[in-house]
Protein chains: 2
Amino acid sequence: MDLCIDIARAIDPVSHVQARARLECTACSVRSLAVCAAMKPRELMELDAIMRPSQVQAKTTFISEGEAASSVYTINEGSARLYKLLSDGRRQIIGFALPGDFLGLALRETYGFSADALEPTRMCRFDRVDFNGLVSGHPDLSTRLHDMATSELLIAQDQMMILGRRNAEERIAGFLVNMRNRWARIRGPSVTVPLPMQRLDIADSLGLTIETVSRTLSRFARDKVILMVPDGVRILNEKMLLKMADQ
Amino acid sequence: MDLCIDIARAIDPVSHVQARARLECTACSVRSLAVCAAMKPRELMELDAIMRPSQVQAKTTFISEGEAASSVYTINEGSARLYKLLSDGRRQIIGFALPGDFLGLALRETYGFSADALEPTRMCRFDRVDFNGLVSGHPDLSTRLHDMATSELLIAQDQMMILGRRNAEERIAGFLVNMRNRWARIRGPSVTVPLPMQRLDIADSLGLTIETVSRTLSRFARDKVILMVPDGVRILNEKMLLKMADQ
DNA sequence: CGCGGCCTTGAGAAATGTCAACTTACGTGG
DNA sequence: CCACGTAAGTTGACATTTCTCAAGGCCGCG
């Protein structure tokens, strides 16, 4: 069951494709961050030809662990949680996807994780077979994917350290620093860190409970390290936060 | 400081290279498992030309986190622990390398982890620049590396679930099942699982303490799920072990 | 035989989890 | 516009798991 809403392509006559191409990939606001960063104008038109704009509402599951991996995605606007479930319902969030992020690096025949939108989210969807076909003809793109896979692996290894050897305070501090750095690359530096996910999502990404996350954030706020604001935090004492994150 | 002992090449006259090639890569016992699995005879000779046999004693550190990533390795015989350290000495083992494993998938300009041999270990060492040069001329090899990176990422995601959401019993049971499966691919199926690492290494890979590992293994042995043997365990009740690992 | 490294076991401590109550924010319908 | 209901977040009290510290055992090796 496909919960995504594919717009444009389904209703656009073929003759409109080129017009849309110029509006979409070429004009894309997150292109410099995404897999398509290094592509030339002509390549972008090829990419555009197989791109399907897609948007989902908050909470919508658009990738389900174990199902046939038919599509790959780039996040355009919005955000998503990527997670794995145990048979008894325990959940581990393996990452959050923000604008520019690519979902589809580590794919076998089936998806290895599930993904839900955290808020109304726009994505570029690509048929996986089409996408692989395009990649095989473009060494630059292939290299870019390899670089992104390398990054992901390094991030995953850092996450193992966080989950295996850091305490709750270090995990939360590190999480906030990490989110700040990720948003900085998207929207530029800011002491206000958007947190589109709920406390339970933070807990499930850090291997903690919602209560421990809440208590730790409250303590940070009480100690004037952060200020809690709607859907995020403002960093008041960066030095202290970095020290607690041991970074 | 390079702690590896490079043999053969340093003393071999160039004229002997071809002879060594036939003895080394072509006759390699772990080739079917390694990065070089899909290579044709002629390609193997190219690989051999840049390969440097290397062997290290137990406990030798041959990769140091943060140092310039000059070499990549394939394990031939023996095993290694790959780990990251925090400034206060806490250690997270991010994986164990067994025969056939490739070290060098997730490389930036510096190594992202350290590696020590667990026992006397023989490796194929490649200069990273030479290796990349060879890869870029061989799409098969490139594909193989991409597949291996994908595998690593999936394994890393599973490890996040283990570290974030599983209890000590599940971690240990899962670890044993996992090691059994890895050895099965190398030496064929067996209920005897070699464990070349110490208890402290197991603890540091599972985010536990040595005492918790020891207690849990003792309990498994008391419950006749395993039998502890020198440098490993024998699985007595596979069904129970799989159940505890939730696999 | 004695030493050192590794492992095991026990007892008590600490961090985090669990359960429950309460607060806050927000959207909906009267 | 307010009252209500619901979802999310916070806080407290207590439980549990795992850690810490300490002692002792095992075993290979000089």
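So that the names make sense, note that chain A is the first sequence line, chain B the second, and so on, each numbered from 1. Predicted, not measured: the structure shown is a model, and the values here were computed from it. When reading the values below, keep in mind they use all heavy atoms of this one structure, side chains included, and skip hydrogens, waters and symmetry mates.
- Using a 4.0 Å cut-off, no side-chain N or O of B:Thr209 falls inside it from OP1 or OP2 of D:dT18.
- Projected onto DNA chain D by closest heavy-atom contact, A:Val213 and A:Arg165 fall at different nucleotides, the more 5' of which corresponds to A:Val213.
- Whole-Å rounding puts the B:Glu119 CD to C:dC6 P distance at 15 Å.
- Not a single donor-acceptor contact under 3.5 angstrom links the side-chain atoms of B:Glu211 to the base of C:dC7.
- Within 6.0 Å of the CG atom in B:Asp231, the count of heavy atoms belonging to other residues, nucleotides or ligands does not exceed 12.
- The separation between A:Asp204 atom CG and D:dG9 atom P is 12 Å, rounded to whole Å.
- Contacts of B:Met228 with the nucleic acid, taken as non-hydrogen atoms under 4.0 Å apart, involve only primed sugar atoms and P, OP1 or OP2.
- Under the 4.5 Å side-chain criterion, counting only non-hydrogen atoms from C-beta, B:Thr74 is not in contact with B:Met123.
- Rounded to an integer number of Å, the gap from CG of A:Asn167 to C1' of D:dT17 is 16 Å.
- Atom-to-atom, CZ of A:Arg199 to P of C:dT23 comes out at 19 Å; the value is rounded to the nearest Å.
- Side-chain nitrogen and oxygen atoms of A:Lys59 include at least one within less than 4.0 Å of the OP1 or OP2 phosphate oxygen of D:dA8.
- Judged by closest nucleotide on DNA chain C, B:Arg219 is the one of B:Arg219 and A:Pro230 placed further toward the 5' end.
- No engagement by A:Leu217 is indicated, since no non-hydrogen atom pair under 4.0 Å with the nucleic acid exists.
- Residues A:Leu195 and A:Phe175 are in side-chain contact: their nearest non-hydrogen atoms beyond the backbone lie under 4.5 Å apart.
- Environment of CE in A:Met240: sparse, with no more than 12 heavy atoms of neighbouring residues, nucleotides or ligands closer than 6.0 Å.
- Only one option out of B:Gln92, B:Arg91, B:Met197 pairs with B:Asp204 in a side-chain contact (heavy atoms from CB on, under 4.5 Å); it is B:Arg91.
- Backbone-only engagement by A:Ser218 is indicated by non-hydrogen atom pairs under 4.0 Å involving sugar-phosphate atoms exclusively.
- In the interface, the side chain of A:Arg215 is paired with the base of D:dG12 through a donor and an acceptor atom under 3.5 Å apart.
- A:Asp231 places its CG atom 13 Å from the C1' atom of D:dG9, with the value rounded to the nearest Å.
- Distance A:Phe220 CZ to D:dG9 C1': 17 Å, rounded to the nearest Å.
- Computed from coordinates, the A:Leu200 CG to D:dT10 C1' distance equals 14 Å when rounded to whole Å.
- Applying the 4.0 Å criterion to OP1 and OP2 of D:dG9, one finds that A:Ser214 has every side-chain N and O outside that range.
- What separates CG of A:Leu118 from C1' of D:dA8 is a distance of 15 Å, to the nearest Å.
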